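None of the values given here were measured: they were computed from a predicted structure. Hydrogens, waters and symmetry mates are skipped; everything else that's a heavy atom, side chains included, is used. Numbering of ligands and ligand atoms starts at 1, following listing order.
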Amino acid sequence: GLSTTARSKAEQLSSDWKGTSATGGKTKNFIAGDFVESQATEWHDVLDPSTQTLLSRVPETTSAEFDQAVGAASQAYKTWSRTSVLTRQRFAIELQHQIRKHADSLASSIVLEQGKTFADAHGDVLRGQQVVESAIGITSNLLGDKIEVSKDMDTEVRRLPLGVCASISPFNFPAMIPLWSIPMATVTGNTLILKPSERDPGAAMIIAELCERAGLPPGVVNIVHGTVPTVNAICDNPSIKAISFVGGDRAGKYIYERGTQNGKRVQANLGAKNHAVIMPDANKNLALNSILGAAFGAAGQRCMAISVAVLVGTAQSWLPELAERAKALKVNGGFEKGADLGPLISPAAKQRVTGLISSVEEEGGKILLDGRNVVVPGYPNGNFIGPTIVEAVTTMKCYKEEIFGPVLVVLTADTLDDALDIINANKYGNGTAIFTQSGATARKFEHEVNVGQIGINVPIPVPLPMFSWSGNKASVLGDLGFYGKSGINFYTQNKTITSLWRAEDATGNRASVDMPTHH
Ligand code: NAD
C-alpha cells in the first residue's frame, strides 16, 4: 500500500478534484465543460510506480464519446475563434494564477502516478506554467504585417486559428506537455482535444479544472482518454485540423504518417540519445554534477536526459569519481525526504531497462555502477533501478537504443573531433552539451555539432518558451515547434488581404488583361 504521506495526498486529490482519482476510482473524460464518466468497456489501470497500488482506472473512450468531444470543440470554435485576443490573453493570465495556486496538487498527482520526486514534479509544473506565461504575450506576438504595397493598395497578413486541434502526450511530463498545447492552441483561437498518457492522466484532469476556474468556456478544451483507438480517431476525424504529438518514435511516426495522409498539420517530438562531452579543461565539479543530475534526474525518463557521456582525453581519469558521486544519489519514493530519483513508470519499463543493462555484459562492455538490484526500504514493489554507469562502445545495443532509464553510457574519445564524429553519426538530434572552459572549443562545438539544442556548460539546454523546441534529425517530424514564435505559427494559418481604396474614379473604359503587378 501507499505510504502515509502518499495516502493522504491521494485522498486529498480525490476529494479536491472532479476529474481524477488517486484512491482507485475512475478518471473522467472532460467534454463540453463536464467531467463525465465514460461508458467504456475497456479500462486501463493507473498504478503507483513505487508500490503498484491502484490509483485510478482510465477509460478507452467510446467512439460516441469521442464524437461528442469533437462536436463540443467544433461548436465552441465558432465563438472562441471570434473572441477578442484580449479575452484569450485574460484566460492565460487567469490560468497562470490557478496553476501557481494549485502547483502542489499538480505535483502530488505527478508523484503518485508518474513516480518522480516532489521537487522534480514541481519543475514539471513550472516548466508548463512558463509556457502559459509566454502565451500571455499573445497580444503582441500575434501582431500581423501590413504595408501599402502600391498607391492606395494595402496588403495585410492576418494570422487566424486552424479550428479543432488535438494533442497526444507522453507519460514523462504529465503537466508540462499538456501545458505546451493548451495555452498555445487556445490563445491563438483554436479549440483542443487532449489525449493525455493513459499511464498518468491525473495532472491533465486537474489542469482541465483549472481552465474551467480560469473562465475558459465549455468545449474549448476537452480531454478524452484512451490508447490506439482514440489516437486513430484523432488521426482520422476530418474536423481535427492539426495534431501535436510528443512521445516515442513508433507512435510518433505512425501518427505523423496517418495524420498528414489525412491532410492534417502534424508536429511530433520523438526519442533521443543526448550526449555530453567533457573536455579535459572543464570545470570538474560543474561537469560531473551537471551530468549526473541530467542523467539520473526523473530516473532518466526525460527526453533531454543526458544518456551518453563522452570523456575526452585526460577527462577519462574522472570516471571513478563520476561513479562515486552517482552512487551517493538516493533512490526512494517520490514523497520521501532527500529522494533524488524515484521508480520507472512500469514493471515493463524496469524489465526493458534491466535487459539493456545486462546486454552490456553480454556484448563485452563493463558495468561500472550497477543499479539493477537496488533495494529501497519500505518500497519492495517499486519499479526502481539505481543509478547505473556502463562503459561501452557505439556498436552496442545500450548505445544504439534509447534506454529511458537511469543509465549513463560512457564513451571515450581522444579529441573533440572524435567526439563530434560520434554525436553526428547518431540518428537522434534532440540535445547535447559540452563542458569546457575554452570559448574556442565551445564555438567549434556549436558550429560543428548537428544537434538542435546545445548546452555550453549547461546540461539540459531546453530553451525557455520565448524560444521554441528545436530538436532535429530523428528526434522530430514536422517543421514547426511547440511554443514561442514557432508554436504560434503551428497553431495559425495566414490570410493575406489585398485591398484598394482610391478617392478618384477609375479612368478609361477598356479592361487590361495583363498580369497585375501593382508596380
Ligand atoms: P509513447 O510513444 O509510448 O506514448 C505517447 C503517446 O502515444 C501516449 O499518449 C500513448 O497513448 C500514445 N501511443 C503509444 N503507443 C501508441 C501506438 N502504437 N499507436 C498510437 N498511439 C500510441 O511514449 P511514452 O512512453 O509515453 O513517452 C516516452 C517517450 O517520449 C520517449 O521516447 C521520449 O524520448 C519521448 N519524449 C520526447 C520528448 C521530446 O520533446 N522530444 C518529450 C518527452 C518525451
Could you establish whether F482 and ligand 1 come within less than 4.0 Å of each other, counting only heavy atoms on the residue side?
-> no
What residue among N172, D124, D120 forms side chain to side chain donor-acceptor pair (under 3.5 Å) with R302?
-> D120
Can you tell me which residue and heavy atom of the protein come closest to atom 13 (N) of ligand 1, and the distance to 0.1 Å?
-> A251 CB, 3.8 Å
Non-hydrogen atoms of I177 versus ligand 1: any pair closer than 4.0 Å?
-> yes
Of the protein's non-hydrogen atoms, which lies at the shortest distance from atom 32 (O) of ligand 1, and what is that distance?
-> E402 OE1, 2.6 Å
Who's closest to atom 43 (C) of ligand 1 heavy-atom-wise, of N172, V58, N430, I168?
-> N172
Rounded to the nearest 0.5 angstrom, the OG-CZ distance for S181 and F245 is 12.5 Å
Quick one: are K273 and I403 in side-chain contact, heavy atoms under 4.5 Å?
-> yes
Tell me, please: is G471 in heavy-atom contact with ligand 1, that is, under 4.0 Å?
-> no
Nearest protein heavy atom to atom 3 (O) of ligand 1: under 4.0 Å?
-> no
What residue and heavy atom of the protein are closest to atom 18 (N) of ligand 1, and at what distance?
-> R250 NH1, 3.8 Å
For F171 and ligand 1, does the shortest N/O to N/O distance drop below 3.5 Å?
-> yes
